[in-house]
Amino acid sequence: MKLLVVCLGNICRSPMGEGALRAHVAQAGLDSWITVDSAGTSGWHAGDPPDSRAVACARRHGVDISGLRGRQLTPADFHDFDHILCADASNLDNARALAPDGLQERAVLWLPWAGVTGETAIPDPYYGQDRDFEQSWALVDAAARGTVQRLSRNGQSCIIQP
Ligand code: 4NP
């Protein structure tokens, strides 16, 4: 199972999402089944480390994302990944515009897909303050927890009903 977290720049929300998701996958002991990556719909920060405020925020929550580097989403990602988890509706539109025929549905809005209720978008903290990064972290962490729960449930039902 391959998961790709997507936002606009791949330096704030999606690297925090990747870090949170990796942490929840590891905690559930599912690392050998689930792999996680992230990308941006833009290539503005390709090759860049995550924003220092995102690195600091993740570190406050016990997750090291300093080694991640930005990259741009490509049409090939729709073949390579089972689910492309988008931070907001604009990211979803931009991602689906790249999708090869028949693979659009692999891109989803992450929060509702993960069963998180209330918010549907992870707001962009780039022009904000530390508290905005904390708010984004709370949402990506909830989405990451919901993702592992969803996939664990589906995985179990596959075993029970092959
Ligand atoms: P992200 O935030 O999509 O959460 O990585 C942004 C990062 C950079 C820019 C916009 C949003 N930018 O305009 O460079």
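Counting starts at 1 for both ligands and their atoms, in listed order. Heavy atoms only: backbone and side chains are in, while hydrogens, waters and symmetry mates are out.
Contacts between Asn10 and ligand 1 below 4.0 angstrom, taking non-hydrogen atoms only, involve the backbone exclusively. Residue Phe133 does not touch ligand 1, judged by heavy-atom distances below 4.0 Å.
Ranking the protein heavy atoms by distance from atom 4 (O) of ligand 1 puts Arg13 NE, 2.8 Å first. When hydrogens are left out, the protein atom nearest atom 2 (O) of ligand 1 is Asp124 OD1, 3.0 Å; that is the closest non-hydrogen contact. Looking only at heavy atoms of the protein, atom 12 (N) of ligand 1 is closest to Tyr126 CE2, 3.5 Å.
Using a distance-only test at 3.5 Å, with no hydrogens or angles considered, no donor-acceptor pair links the side chain of Arg150 to the main chain of Gly115.
Set against the non-hydrogen atoms of Trp44, the atoms of ligand 1 under 4.0 Å away are 12 (N), 13 (O), 14 (O). Numbered from 1 in the order shown, with element, the atoms of ligand 1 that lie under 4.0 Å from a heavy atom of Tyr127 read 13 (O). For ligand 1, the atoms closer than 4.0 angstrom to any heavy atom of Ile11 are 5 (O), 7 (C), 8 (C). In the vicinity of Leu8, heavy-atom distances shorter than 4.0 Å reach the ligand 1 atoms 3 (O), 10 (C), 11 (C).
With hydrophobic clusters built from ILVMFWY side chains whose heavy atoms lie under 4.5 angstrom apart, Leu73 shares a cluster with Leu103. Connection of Val36 to Leu4 is not established within any shared hydrophobic cluster, with ILVMFWY side chains joined at heavy-atom distances below 4.5 Å, either directly or through further cluster members. Phe81 and Leu151 are assigned to two separate hydrophobic clusters, defined by single-linkage of ILVMFWY side chains at heavy-atom distances under 4.5 Å.
Among the atoms of Pro125, none of the N or O lies under 3.5 angstrom from an N or O of ligand 1. Residue Ser14 places no N or O, backbone or side chain, under 3.5 Å from any N or O of ligand 1. For a threshold of 3.5 Å applied to N or O pairs, the pair formed by His45 and ligand 1 contains at least one separation below that value. Considering backbone and side-chain N/O of Cys7, none are found under 3.5 Å from N/O of ligand 1.
Two residues are said to be in side-chain contact when any heavy atoms from C-beta on lie closer than 4.5 Å; Trp110 and Thr147 meet this criterion. Contact annotation: the side chain of Asp37 approaches that of Arg71 to within less than 4.5 Å [non-hydrogen atoms, C-beta and beyond].
In this structure, CD1 in Ile11 is found 9.0 Å from OG in Ser52, a value given to the nearest 0.5 Å.
For Gln104, the CD atom is densely surrounded, since the number of other residues' heavy atoms within 6.0 Å is greater than 12.
For the 3.5 Å distance criterion, the side chains of Asn94 and Asn91 fail to qualify, holding no donor opposite an acceptor.
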